[in-house]
2 protein chains.
Amino acid sequence: MDWPLLIESQPLLKHVPNELRHVTQCRNMTKGDTIFRIGDSVRNLFCVVKGEVQLIRHDIRGTKIVLQRSRSGFFAEASLGGTAYHCDALAAETGVLLFFPIAAFRTALDQNAAFRNVWIEQLAREVRKLRAQCERLNLNGAADRIIHYIESEGINDAVTLKQPRKAWASELGLSHESLYRTLKRLSDQGTLSIDGNKISLVS
Amino acid sequence: MDWPLLIESQPLLKHVPNELRHVTQCRNMTKGDTIFRIGDSVRNLFCVVKGEVQLIRHDIRGTKIVLQRSRSGFFAEASLGGTAYHCDALAAETGVLLFFPIAAFRTALDQNAAFRNVWIEQLAREVRKLRAQCERLNLNGAADRIIHYIESEGINDAVTLKQPRKAWASELGLSHESLYRTLKRLSDQGTLSIDGNKISLVS
DNA sequence: CACCTGTTATGATTCAGATCATATTAATCT
DNA sequence: AGATTAATATGATCTGAATCATAACAGGTG
């Protein structure tokens, strides 16, 4: 287990105490793999290092309902407090997964104040980010969503994208075509200044 | 302070330890009131009992950006780990607010394991719920969002609404007109069965 | 009771973004 | 370097949800 490398992709891991590290497993997953099934008893907490995991339910008619799409970081954090999973987890893309035995994780949270505080802060940050994202997705213009993103995720009215625009489009709930077009329009009309991956609002 | 009444509207409050209860204040807010300003040092954690609070930023051009709209429960939970607020909080609607002094709240989390676990679970549940909501808002049909809601928030492919449809529409990111129409359509075509506030998926 | 306010409901119209199609450029692989 | 795949564009078309308008209805208030 190359922790320094893992920490690079997921800073929270820096604060995982040694006792917990020793029982943590790193496993490869292949597209289509089942991570857990609805009803399974909770044995692990998971962290996506690479690839994509989807949390899924199926309705009566067999339609697949995606509850969450996770491309990095923890998922199903709420399983920490429960005994059984409430949905299926499938590997949607080949990659790497961290398995934290649930009992050891709980013990670490309970006995290690520093780790616990980091965990709480991490959850709170995620809540903050997701709430802003929901507000954003409730906006209906493409331009409004872009500006809201810059304003809520950026610094000094500017963001530097760390992902391809296509991925950004899907985070904004837009087709990539709409994103390209709207960026161009906003840039042409002088609302935005675009320099490679740095996009800033112009007063 | 009528804690039993408060707990009814916000179950988490049941687990607030006595030491913390004694220093908690309940205050009325009037539409337009400032709860805190960006840059203010963090003195309290807040819980909306009644009314609406909005977390807001302003961009260079003075446009108001809503980061979060809170109608019940805690907001700005991430301020627990910080020293200054990162946005403004305004009362968008007259109501009632709980003020938890931040130091006492941190102490309670640190020393009371039960309260702490409830807090962690609460955050995790919120994350779960918000992630599902984001996935839902990324769907583009009105029908898809309705079905996704029933499937992810309901039990046995059915939900009982505890809010007016108009409010549900806004949670779904739809105009209320679209919601009414789509519900009717789905009901007519036999996909949904609607009985007052109970809406269920039909196989 | 009459009155007012907000929710539920349905119709007509408009338009923004999804979709499909097609290039061009950049990145990745062998 | 050449080949293959993915990202970045941009155009044409079309559909579905927003918007505006109007009305029935419920719930609460004086």
Side-chain angles (χ1 to χ4, degrees), chain A residues 31 50-52 66 69 71-72 92-96 133-150 159-189 191-199, chain B residues 31 50-52 66 69 71-72 92-95 133-149 159-189 191-199:
Chain A
K31 183 173 173 173
K50 195 168 173 295
E52 176 173 311
V66 178
R69 215 173 294 256
R71 298 195 55 85
S72 113
E93 210 175 89
T94 297
V96 180
Q133 191 177 354
C134 283
E135 288 295 335
R136 186 157 53 242
L137 291 172
N138 267 324
L139 299 174
N140 16 298
D144 286 345
R145 291 198 196 160
I146 290 169
I147 290 170
H148 186 288
Y149 185 94
I150 296 173
V159 284
T160 304
L161 299 176
K162 287 163 298 183
Q163 59 185 341
R165 298 183 185 204
K166 223 175 161 181
W168 190 31
S170 103
E171 192 181 340
L172 291 172
L174 299 170
S175 63
H176 55 275
E177 295 98 325
S178 283
L179 177 60
Y180 296 140
R181 275 189 258 266
T182 310
L183 280 176
K184 186 171 192 305
R185 183 164 53 79
L186 292 174
S187 170
D188 285 350
Q189 73 189 35
T191 310
L192 287 184
S193 143
I194 302 177
D195 174 19
N197 280 332
K198 188 178 178 200
I199 300 180
Chain B
K31 184 173 171 172
K50 195 168 174 294
E52 177 173 310
V66 179
R69 216 172 294 255
R71 298 195 55 84
S72 113
E93 211 177 86
T94 297
Q133 191 176 355
C134 283
E135 289 296 336
R136 185 156 55 242
L137 291 172
N138 267 324
L139 300 174
N140 19 298
D144 286 344
R145 292 198 195 161
I146 290 169
I147 290 169
H148 186 288
Y149 184 93
V159 283
T160 303
L161 298 176
K162 286 163 300 183
Q163 60 186 343
R165 292 177 192 210
K166 223 176 161 181
W168 189 30
S170 105
E171 191 181 342
L172 292 173
L174 299 171
S175 64
H176 55 275
E177 295 97 324
S178 283
L179 177 60
Y180 297 139
R181 274 189 260 266
T182 311
L183 280 177
K184 186 172 193 307
R185 183 163 53 80
L186 291 175
S187 170
D188 286 350
Q189 74 188 36
T191 310
L192 288 185
S193 143
I194 302 178
D195 174 20
N197 279 332
K198 188 176 179 202
I199 300 180

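Letters A, B, ... are given to chains in the order of the sequence lines, protein chains preceding strands, and every chain is numbered from 1.
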Whole angstrom is fine here: how far is it from [atom1] in [X] over to [atom2] in [N]?
X        : N      : atom1 : atom2 : answer
A/Glu177 : C/dG17 : CD    : P     : 13 Å
A/Lys184 : C/dG17 : NZ    : P     : 17 Å
A/Gln163 : D/dA6  : CD    : P     : 18 Å
A/Tyr180 : C/dG17 : OH    : P     : 17 Å
A/Leu179 : D/dA7  : CG    : P     : 13 Å
A/Leu137 : C/dA18 : CG    : P     : 12 Å
B/His176 : D/dT19 : NE2   : C1'   : 10 Å
A/Lys166 : C/dT24 : NZ    : P     : 18 Å

Could one point to a donor on the side chain of A/Arg181 or the base of D/dG11 with an acceptor on the other under 3.5 Å away? yes
For the pair [X] (side chain) and [Y] (backbone), establish whether a donor and an acceptor sit closer than 3.5 Å, ignoring hydrogens and angles.
X        : Y        : answer
B/Ser187 : B/Leu183 : no
A/Glu135 : B/Arg69  : yes
B/His148 : A/Val66  : yes
B/Arg165 : B/Leu179 : no

Please tell me if A/Ser178 has a side-chain N or O lying less than 4.0 Å from either OP1 or OP2 of C/dA18. yes
Answer yes or no: does a side-chain N or O of A/Arg165 lie under 4.0 Å from OP1 or OP2 of D/dA9? yes
Using the closest heavy atom to pick a nucleotide of DNA chain D for each, name whichever of A/Asn140 or A/Asn197 lands nearer the 5' end. A/Asn197
